[in-house]
Amino acid sequence: MKKLFLYLLFTFLCMFSVLAVETNSGDYVLYKDFTFASPSWVGFLKYDDATYASMLYTPSEQRRICVLFSVSTDGKKMELMGQNLTTKIDLSNNADVEAVNYLMQLLPDLYKWGISAEESKTVQIKGNQKKFSNIAYLNGTITVNRVPTVPLFGIESITGTNSGKKVDLLKLVQIGTVNNDTEFFNLVLPHEKEQEPSLKLDTKAKKLSLRFAQKNIVISEQWVNQGGNFYLLDNSALLTITELQNAQNIPVIELVKLFCTSDSNRTVLLDKLVLTGTEKKLSLVNEIYDTQTQAINIDKKYVFFSDNQYTIISLTVKKADYYAHKKYFDSLF
């Protein structure tokens, strides 16, 4: 566990210097797609301004449709210039053909909707909404929910109506970065390995008080200092305090994107994300699936900006131990 926490901390410090809010080559988004009868997921990967990849995955039907697109964009719209199926499909199977047609329609529409919504007055962190009418293949009028921390299209979710009731159409479950299209085309859904609580809190341990960014954190000597502002609790929880100086040109949305990005070692479950606060002071709670252990960790962060400096208080706890001692961990900050 300590080795894993050290890796996560190292990854955070390294990624910060290179990750930005703009979409980079290798960035992808994955949505839960509610427009199909069977549970499905749709994803999009950006190679460069002229090349995108798309994937539609329906596990119960063992269907995974993968398509490469060459595109042309003029800043407000996208035009498909060509496509290449990287998976075999059965042309006599209407479901396969319709899936390809769906991807061909959805990709340029997402690009257009994201750009159009971006032109609206955007509230940072919370984002904004915009309606679009007469979207026949999505049953009429839709509402696009845009947030500035999501790459590619900036779209967090899309909702519609059915018999006058609001329904989910697309809902973001993952953003991330991959090294090649094979990683993207072979994305699989996390399957959590259940774990039993192992942490035993020592209620008699001497209390220690830490103060950072107007936050007073009371821990105990059961937390072992690993050097600097780095504390480990019985191989179950990690508390770190990181200060980023001369950060006046770093928007907080860049940090949020960083905290929410998946890679080959971890999957951030964005459908569990809880984000509150403002650009100057915010809190964020994520559930993060560890690829190696197949376990989920609860990751809580408090971000405070003052005097051109970010102070980031981070608490990562094994999920089983967190819920066994939720009152204690929630009281830390």
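Tyr310 and Phe305 have tilted rings, their planes meeting at an angle from 30° to 60° on a 0 to 90° scale. Between Tyr57 and Trp41, the ring planes are tilted. Angles from 30° to 60° get that label.
Looking at Leu270 and Asn286, their side chains come closer than 4.5 Å, going by heavy atoms from C-beta outward. You'll find the side chain of Val150 reaches within 4.5 Å of the side chain of Val29, heavy atoms only.
Gln195 approaches Ala295 most closely through the heavy-atom pair NE2-CB, 3.4 Å. For Asp263 against Asn265, the heavy-atom pair with the smallest separation is OD1-N, 2.8 Å. Here the closest non-hydrogen pair linking Asp234 and Gln222 is OD2-NE2, 2.8 Å. The heavy-atom pair separating Leu238 from Leu232 by the smallest distance is CD1-CD1, 4.2 Å. When all heavy atoms of Gln83 and Val67 are compared, the closest pair comes out as CB-CG1, 3.9 Å. In terms of heavy-atom proximity, Ser209 sits nearest to Asn216 at OG-OD1, 2.9 Å.
A donor-acceptor distance shorter than 3.5 angstrom exists from the side chain of His325 to the backbone of Leu199, with no hydrogens or angles considered. Proximity of a side-chain donor or acceptor of Arg64 to a complementary backbone N or O of Phe185 within less than 3.5 Å is detected. Proximity of a side-chain donor or acceptor of Asp96 to a complementary backbone N or O of Asp90 within less than 3.5 Å is detected. Judged by distance alone, with hydrogens and angles left aside, the side-chain atoms of Ser262 form a donor-acceptor pair with the main-chain N or O of Val268 at under 3.5 Å. Looking only at distances, a side-chain donor or acceptor of Thr86 sits under 3.5 Å from a matching main-chain atom of Cys66. Here the side chain of Asp181 pairs no donor or acceptor atom with the backbone of Phe184 at under 3.5 angstrom.
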Exercise answer: donor-acceptor pairs, residues 159-168 side-chain atoms, under 3.5 Å, sequence neighbours excluded:
none

Next item on the list: Kindly determine whether Val71 and Tyr111 satisfy side-chain contact (heavy atoms from CB on, under 4.5 Å), including the steps that lead there.
Entry: CA-CA 11 Å; Val71 305; Tyr111 183 88; over 6 Å; no
Notebook entry, point to check: Stepwise, does the side-chain contact (heavy atoms from CB on, under 4.5 Å) test hold for Tyr137 with Asn101?
Noted result: CA-CA 11 Å; Tyr137 71 102; Asn101 291 336; over 6 Å; no
Next item on the list: Check the pair Tyr28, Gln174 against side-chain contact (heavy atoms from CB on, under 4.5 Å), reporting the backbone distance first and the verdict last.
Entry: CA-CA 8 Å; Tyr28 71 85; Gln174 193 174 321; 2.4 Å; yes
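A chain of hydrophobic side-chain contacts below 4.5 Å, direct or via other Ile, Leu, Val, Met, Phe, Trp or Tyr residues, connects Leu56 to Leu170.
In this view, Glu221 satisfies the salt bridge (charged side-chain N to carboxylate O under 4.0 Å, His left out) rule with no residue, not counting sequence neighbours. For Lys32, the salt bridge (charged side-chain N to carboxylate O under 4.0 Å, His left out) test picks out no residue, with sequence neighbours left out.
For the pair Lys300 and Phe329, the cation-pi criterion (under 6.0 Å, within 45° of the ring axis) is not fulfilled.
Using a 3.5 Å distance cut-off with no hydrogens or angles, the side chains of Ser314 and Lys301 do pair a donor with an acceptor.
A side-chain contact (heavy atoms from CB on, under 4.5 Å) with Leu239 is found for one member of Ile313, Thr316, Asn225 and no other, namely Ile313.
Taking CG of Asp290 as the reference point, atom CZ of Arg266 lies at 10.0 Å (rounded to 0.5 Å).
The residues Asp27 and Lys257 are annotated as salt-bridged, a charged nitrogen and a carboxylate oxygen being separated by less than 4.0 angstrom.
Under a cut-off of 6.0 angstrom, the local environment of CG in Asn134 is sparse, with at most 12 non-hydrogen atoms contributed by other residues, nucleotides or ligands. Heavy-atom contacts from other residues, nucleotides or ligands closer than 6.0 Å to CD of Glu196 number 12 or fewer. A 6.0 Å sphere centred on CG of Asp307 holds no more than 12 heavy atoms belonging to other residues, nucleotides or ligands.
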